[in-house]
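Below is one structure; the comments refer to it alone.
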Amino acid sequence: MVKSTMNFIAVLVISACFFSWTSAKYHQNNQDKDKELKYLLEPLVYAEVTARRGHAVVLPCVMRFKPSHYRVKWTKIEPPSQGVENIVLITNGHADKQYGSVGHRASLFRAHNLDVSLRLTNLELEDDGSYRCELINGIEDESVVITLRIEGVVFPYQSHHGRYRFTFFDAKEACAKEDATLATYKQLYRAWTEGLDWCNAGWLSDGTVNYPVLQPRPACGGDLLSGIRSYGPRHKTQDHYDAFCFTSATKGSVFFIAGPFNFAEAERACRRDGNSLAKVGQIYSSWKFQQLDHCDGGWLQDGSVRFPIIHPRERCGGIAEPGVRSFGYPSKSLQLYGAYCYSRGQTHLLQD
């Protein structure tokens, strides 16, 4: 549990101090950030590119003209990697070399002779972040930064043992099991601007603990302003909180089978056609990207019971806002619910 004294140190984090969604960032070592670009075009329009998991994307980087000798290096700079430079690709104009976990999906787009844009295929959740295109020409090195935003949805996640049971590493593992990653601060902020209001504090990928508040109230950290409340960095193995997970589009879809089932029966019902009980990230993905809307509670793979709502209505619990609602983790022996199954195909979507 978060100690009551923590309420006094909760800090409202204003996004403008942390990042800009529309401005291109220019990196020129650390001494001369305002130097005018000579070789590279500033990406005034496409400083942020948005795509979904599994899709391909092009991060623009175009030269005005070519130096006689040069290299272009693409590096993923945000979120920062641990200890080493996260190089994706290096080219000298004649040969390219890919690096790291992203490199095997990376190539130069080469739409024309001056184009050194980076093409990434089969996007993954971890590809979200900022990338630097750096032209290396001896003395006159220069670079531009492009942000790749994986379009997705943030959801709060809690252990089946109860509230505030995850260390940082537990939270990271729990999100991965649910077809998700720990959310970044930017992803949580965007979710807050889209309506996420949640009182329980959760881990983010940078090791900080936060929670988003739209409607300040005494039971939710006091009557401070709305925003992202932060406890800052916490001890990754000693402190315990919930998690904020992030997922994106999936290749398959989630569909509902009416019960009533207990948990084991729900598993068998999904397996009959070669499917499986859906993960939490998969039901959020189908709700977000495929408009899954169904009132009946159904078992999921983690033992929780949830249902997705696009169009709130009285006969569906009287819930005022769209979302994925949870009944928590009932006893698996209860024979009360249906099943939400995951199919790798794009079939079976059920609306009520």
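What you are looking at is a predicted structure, and each value in this text was computed from that prediction instead of being measured.
For the residue pair Trp287 and Pro322, the shortest heavy atom distance occurs at CZ2-C, 4.0 Å.
At a threshold of 4.5 Å between non-hydrogen side-chain atoms, the residues Leu188 and Trp192 do not count as touching. For the pair Phe307 and Cys316, the minimum side-chain heavy-atom distance is below 4.5 Å. Counting heavy atoms from C-beta outward, Asn262 and Lys332 have side chains that stay 4.5 Å or more apart.
Formation of a donor-acceptor pair under 3.5 Å by the Arg229 side chain with backbone atoms of Cys220 is found in this model. Judged purely by atom type and a 3.5 angstrom limit, Asp206 uses its side chain to pair as donor or acceptor with the backbone of Thr208. Under a 3.5 Å cut-off, the side chain of Gln290 and the backbone N or O of Gly252 do form a donor-acceptor pair. For Ser285 (side chain) and Ser248 (main-chain N/O), a donor-acceptor pair under 3.5 Å exists by modelled atom type. Judged purely by atom type and a 3.5 angstrom limit, Asp197 has no side-chain atom pairing as donor or acceptor with the backbone of Val213. Of the possible donor and acceptor atoms, none in the side chain of His69 sits under 3.5 Å from a partner among the backbone N and O of Pro67.
Salt-bridge formation is detected for the pair Glu85/Arg132: a Lys NZ or Arg NE/NH1/NH2 atom is positioned less than 4.0 Å from an Asp or Glu carboxylate oxygen.
With values rounded to the nearest 0.5 angstrom, Met63 atom CE is found 13.5 Å from Lys38 atom NZ. Between atom CG of residue Asn210 and atom OH of residue Tyr241 there is a gap of 10.5 Å, rounded to the nearest 0.5 Å. With rounding to the nearest 0.5 Å, the separation of CD in Glu134 from CD1 in Ile87 is 9.5 Å. A distance of 6.0 Å separates CZ of Phe155 from OG1 of Thr247, quoted to the nearest 0.5 Å. Taken from CG in Leu89 to NZ in Lys73, the straight-line distance is 12.0 Å, to the nearest 0.5 Å. Note: Lys288 NZ to Arg52 CZ = 8.5 Å, rounded to the nearest 0.5 Å.
Ring geometry for Tyr231 against Tyr211 counts as tilted: the plane angle lies between 30° and 60°, on a 0 to 90° scale.
For Trp74, the ring-ring contact (aromatic ring centres under 6.0 Å, His included) criterion is met by no residue, not counting sequence neighbours.
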Original post:
side chain to side chain contact (heavy atoms under 4.5 Å, CB included) between Phe256 and Leu292: does it pass, once the steps are laid out?
Top reply: CA-CA 10 Å; Phe256 181 79; Leu292 183 65; over 6 Å; no

**OP:** Please lay out, stage by stage, how His294 and Asp296 fare under the test side chain to side chain donor-acceptor pair (under 3.5 Å).
**Re:** CA-CA 6 Å; His294 197 72; Asp296 296 322; 3.1 Å; yes

Subject >> Full working for side chain to side chain donor-acceptor pair (under 3.5 Å) between Thr147 and Ser130 >> reply: CA-CA 4 Å; Thr147 295; Ser130 295; 3.2 Å; yes

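For CZ of Arg110, the number of neighbouring non-hydrogen atoms (other residues, nucleotides, ligands) closer than 6.0 Å is greater than 12. No more than 12 heavy atoms of other residues, nucleotides or ligands shown are found within 6.0 angstrom of CZ on Phe109. Under a cut-off of 6.0 angstrom, the local environment of NZ in Lys66 is crowded, with over 12 non-hydrogen atoms contributed by other residues, nucleotides or ligands.
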Distance-only criterion, 3.5 Å: show the donor-acceptor pairs between side-chain atoms of residues 297-305 and protein atoms not counting sequence neighbours.
{"residue": "Trp299", "atom": "NE1", "partner": "Phe261", "partner atom": "O", "Å": "3.0"}
{"residue": "Gln301", "atom": "NE2", "partner": "Leu277", "partner atom": "O", "Å": "2.9"}
{"residue": "Asp302", "atom": "OD1", "partner": "Ser304", "partner atom": "N", "Å": "3.0"}
{"residue": "Asp302", "atom": "OD1", "partner": "Ser304", "partner atom": "OG", "Å": "2.6"}
{"residue": "Asp302", "atom": "OD2", "partner": "Tyr157", "partner atom": "OH", "Å": "2.7"}
{"residue": "Asp302", "atom": "OD2", "partner": "Ser304", "partner atom": "OG", "Å": "3.4"}
{"residue": "Asp302", "atom": "OD2", "partner": "Tyr329", "partner atom": "OH", "Å": "3.2"}
{"residue": "Ser304", "atom": "OG", "partner": "Arg306", "partner atom": "NE", "Å": "2.9"}

Using distance only, find each side-chain donor-acceptor pair of residues 100-107 under 3.5 Å and give its atom names and separation, not counting sequence neighbours.
{"residue": "His104", "atom": "ND1", "partner": "Ser101", "partner atom": "O", "Å": "3.1"}
{"residue": "Arg105", "atom": "NH1", "partner": "Thr121", "partner atom": "O", "Å": "3.1"}
{"residue": "Arg105", "atom": "NH1", "partner": "Asn122", "partner atom": "O", "Å": "3.3"}
{"residue": "Arg105", "atom": "NH1", "partner": "Asp127", "partner atom": "OD2", "Å": "2.8"}
{"residue": "Arg105", "atom": "NH2", "partner": "Asp127", "partner atom": "OD1", "Å": "3.0"}
{"residue": "Arg105", "atom": "NH2", "partner": "Asp127", "partner atom": "OD2", "Å": "3.2"}

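By the criterion of side-chain heavy atoms lying less than 4.5 angstrom apart, applied directly or through intervening Ile, Leu, Val, Met, Phe, Trp or Tyr residues, Trp198 is grouped together with Tyr164 in one hydrophobic cluster.
Just one residue in the list Lys251, Arg53, Lys279 forms a salt bridge (Lys or Arg N to Asp or Glu O under 4.0 Å) with Asp179, and that residue is Arg53.
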